[in-house]
Each structure stands twice: as C-alpha cells, then as structure tokens.
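Only one structure is covered here, and it is reproduced in the block below.
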Amino acid sequence: MKTLRLELDPWNPDPSVLENAAEVIRRGGLVAFPTETVYGLGANALAPEAVRKIYAAKGRPPDNPLILHLSRPEQAEELVYVDERARRLMSAFWPGPLTLVLKARDCIPSVTRGGLDTAALRMPDHPIAGALIEAAGCPIAAPSANVSGRPSPTDARTVWEDLQGRVDILLDGGPVRVGIESTVVDVSTERPLLLRPGGMSREVLEEFLGVPLGVPDGQSKRRSPGMRYRHYAPAVPVRIWQPGDPLDLGEGQNPEEWAFMGLSEPPAGFGHILQFTSAENYARGLFTGFRTLEAAWRGIVAEWPSEAGVGLGLRDRIRRAALEGK
Ligand code: AMP
Ligand code: MG
C-alpha cells in the first residue's frame, strides 16, 4: 500500500483533503491523524474488517481494546449506556484528553472493544480530528499511530517512520499539544476507576466528582488490558532517577554515553541533557525525546516527576518504558 501524506493547517483545514480522508474511513481504510494527545491510527469503529486492519498495522495484541473517537458528545448515547454522571463528565471535559469507559451497546463490534462488554469513548480536542470524524459520519476507533510497544507519535514524521506503507492516508497537522495519551476512567461501575493516568489531571477529576478515583486492583487490571504491556519503550534501556538519589546506571556504564531527560539539573556528567521547564513540556517532549535519544546514546535516564497534574501520567509512561523485557 502506498501511504498518501497530506499536510493540513489545523486552524484552517482544507475541506477537500478532509473529505478525501473521510471517504477512506467510510470505505474501510486506515487514516492516521493528529489529536491533542498523540497521533491516532483510525478506522471506522463500527466496521469489524476495518478495525482488524488497525491491529494488523500496529502489531497490537487483539485483546487490547480501542478508544472510539467522537465529534460530538451526543454520539455517545447510541454507542454506550450513558448515565447522569457520565453525561456531566462529558459536558465538563469534552472535547479533551479524558476517555470514559461505559457499558457498550450491541452496535459496537466485539473486535473494537477487545471482547469486553464495555467500550472506551473520547472526543478529541483537535480541529483536524473533530472535522475528520464529523465528515466520516461514524465513530473512529484509534489507538496511537505507532508500532505496538514503541513510544507514541507526537508528530507526523514519527508516524511516517512507523507506519509508512501500512496506512492509506497520513494527515500531517504538525506537532501535538499534550504529548501523552488520554486519562482513561472507568465509569461503568459505581466507583469510578482511574484505569490509565494521562493528559487530564486526576486532581481536577476528583474535585469535579467529589470522590477519590479508585485505582485498578488485579481484577480491574484485567478490565483494562492495555495496562499489562511494557509500552512506550525506546530501543535502549531507560532508568528512573529521583532528584536527591544516587545515580545507578548498572555495572560498567559510563554516564558520558548516556542521555538525561527531566526537569532538574542532572547529577553527573551525562553525554546529553534534555531539560524541560515544566511538567507539561516534559510530557510534550517525552516520546520524541525517547526516539531522538535512542539513536545516539547507550541509555536514557528519565527523572521521576512529582505526581501533580500531568506528572502522574508522565510517571506511568516512564515507569513502563523502564520495565525490562516485553
Ligand atoms: P491506546 O489506544 O493505546 O491509547 O490505549 C487505549 C487504552 O484504553 C488502553 O489502556 C486500553 O486497555 C484502554 N481501554 C480501551 N477500551 C477499554 C475498555 N472497554 N475497558 C477498559 N479499558 C479500555
Ligand atoms: Mg498506544
């Protein structure tokens, strides 16, 4: 397959390009597109054959369900059972980096939800994503537009590296704003559960809900299969460093051959330093940092940020990138 890469101005997207991409979605093809979190690899969420192509293009395990992307909150009502609490969350935080897991209606194919009886829904806060979904006239199932296990793409060049020849169209809308994936909250049960921390802060959600979010135990981990996998990982080892702690790179390693990324002044003579001025910038630069640094350095030391705001999501990505083995 030859991938068509099309540039779009996010603030003034060319309607004929969008229509072209929407037509590809409608006839069961794959379109990679920008959202505010990371680039997505999209297909018609209601067409099982189209959704299967997503799993194949990414090499994604088939039991890891996909998020359905909407262009308007009302669309949720036809797809899942929406209660008052979910409706309030949608009207407060959509469009935005908040994914809600709800009991699925039968119209969502099993392959889209990884065989679960729930489905994950989100309305992205990006003009290209919104216009594409609206023009396609169907919800778009989309995981991140990278080869499974690799750091997620925050710009079109990275999508091209991973998926060239595996998608019909790549919409290039420039770099994304948030840089890590959405926060996933399961609201299908009485107690809302934080299944994956991400771009939307836990504190803000808890304040809104008036209750602390539960965290997954063994059983609920099975309910969010994506949490099981080593993920987001660059090709070289990642070590976590907390400010104040001694640096441990492992036997015989020389910091001059390693790169550092984080917010603080690093402890030793690193070969390369990527220092960010805020947790938001750290989140925006994390995945691109992984991909850039892996090409030139023996390993990457990532600073463990405070868990406030986007810090909790950052911690999750860093922790999983640092896991050994697959
Ligand atoms: P990704 O598309 O790679 O950003 O991952 C989507 C995340 O949402 C993964 O962690 C999935 O496990 C999670 N997810 C999607 N659908 C569901 C669902 N029905 N129930 C629980 N988690 C879900
Ligand atoms: Mg992903």
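Every number for a ligand or one of its atoms is a count from 1 in the order of the listing. In what follows, every heavy atom counts, from backbone to side chain, and hydrogens, waters and symmetry copies are set aside.
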Which of the numbered atoms in ligand 1 are below 4.0 angstrom from a heavy atom of [X]?
| X | answer |
| --- | --- |
| Leu116 | 18 (C), 19 (N), 20 (N) |
| Ile67 | 6 (C) |
| Pro143 | 2 (O) |
| Leu195 | 21 (C), 22 (N) |
| Ala119 | 19 (N) |

Query raised in the report: Should Arg177 and Asp125 count as an ion pair when the cut-off is N to O under 4.0 Å?
Result: yes

**Report entry** Salt bridge present between Glu161 and Arg157 (N-O < 4.0 angstrom)
**Finding:** yes

Query raised in the report: Would one find an N or O of Asn64, backbone or side chain, under 3.5 Å from an N or O of ligand 1?
Result: yes

Query raised in the report: Between Arg196 and ligand 1, is there a nitrogen or oxygen pair with a distance under 3.5 Å?
Result: yes

Donor-acceptor pair between [X] and [Y] side chains, under 3.5 angstrom:
| X | Y | answer |
| --- | --- | --- |
| Trp258 | Gln253 | yes |
| Thr3 | Gln164 | no |
| Asn146 | Arg150 | no |

Requested in this report: From atom 3 (O) of ligand 1, work out which of Glu181, Lys58, Arg60 has a heavy atom at the shortest distance.
Outcome: Arg60

Requested in this report: Find out whether the Lys NZ or Arg CZ of Arg105 is both under 6.0 angstrom from the six-membered ring centre of Tyr81 and within 45° of the ring's axis.
Outcome: yes

Query raised in the report: Do we get Arg122 above Trp94's six-membered ring, with its NZ or CZ under 6.0 Å from the centre and within 45° of the axis?
Result: no

Side chain, backbone, both or neither: the part of [X] lying under 4.0 Å from ligand 1 by heavy atom:
| X | result |
| --- | --- |
| Thr118 | both |
| Ser152 | neither |
| Thr99 | neither |

Query raised in the report: How many protein N, O or S atoms are found at a distance of less than 2.8 Å from the Mg ion (ligand 2)?
Result: 1

Requested in this report: Please confirm whether the backbone N or O of Thr154 pairs with a side-chain atom of Thr158, one donor and one acceptor, at under 3.5 Å?
Outcome: no

Query raised in the report: Looking at the rings of Phe260 and Trp241, which for Trp means the six-membered one, are their centres under 6.0 Å apart?
Result: yes

Query - Reported OG1-to-CG distance for the pair Thr118 and Leu102, which is rounded to 0.5 angstrom - result: 8.5 Å

Hey, can you pull the donor-acceptor pairs under 3.5 Å for the side chains in residues 13-21, sequence neighbours left out?
from: Asp14; atom 1: OD1; to: Ser16; atom 2: N; distance (Å): 2.9
from: Asp14; atom 1: OD1; to: Ser16; atom 2: OG; distance (Å): 2.9
from: Glu19; atom 1: OE2; to: Arg26; atom 2: NH2; distance (Å): 2.5

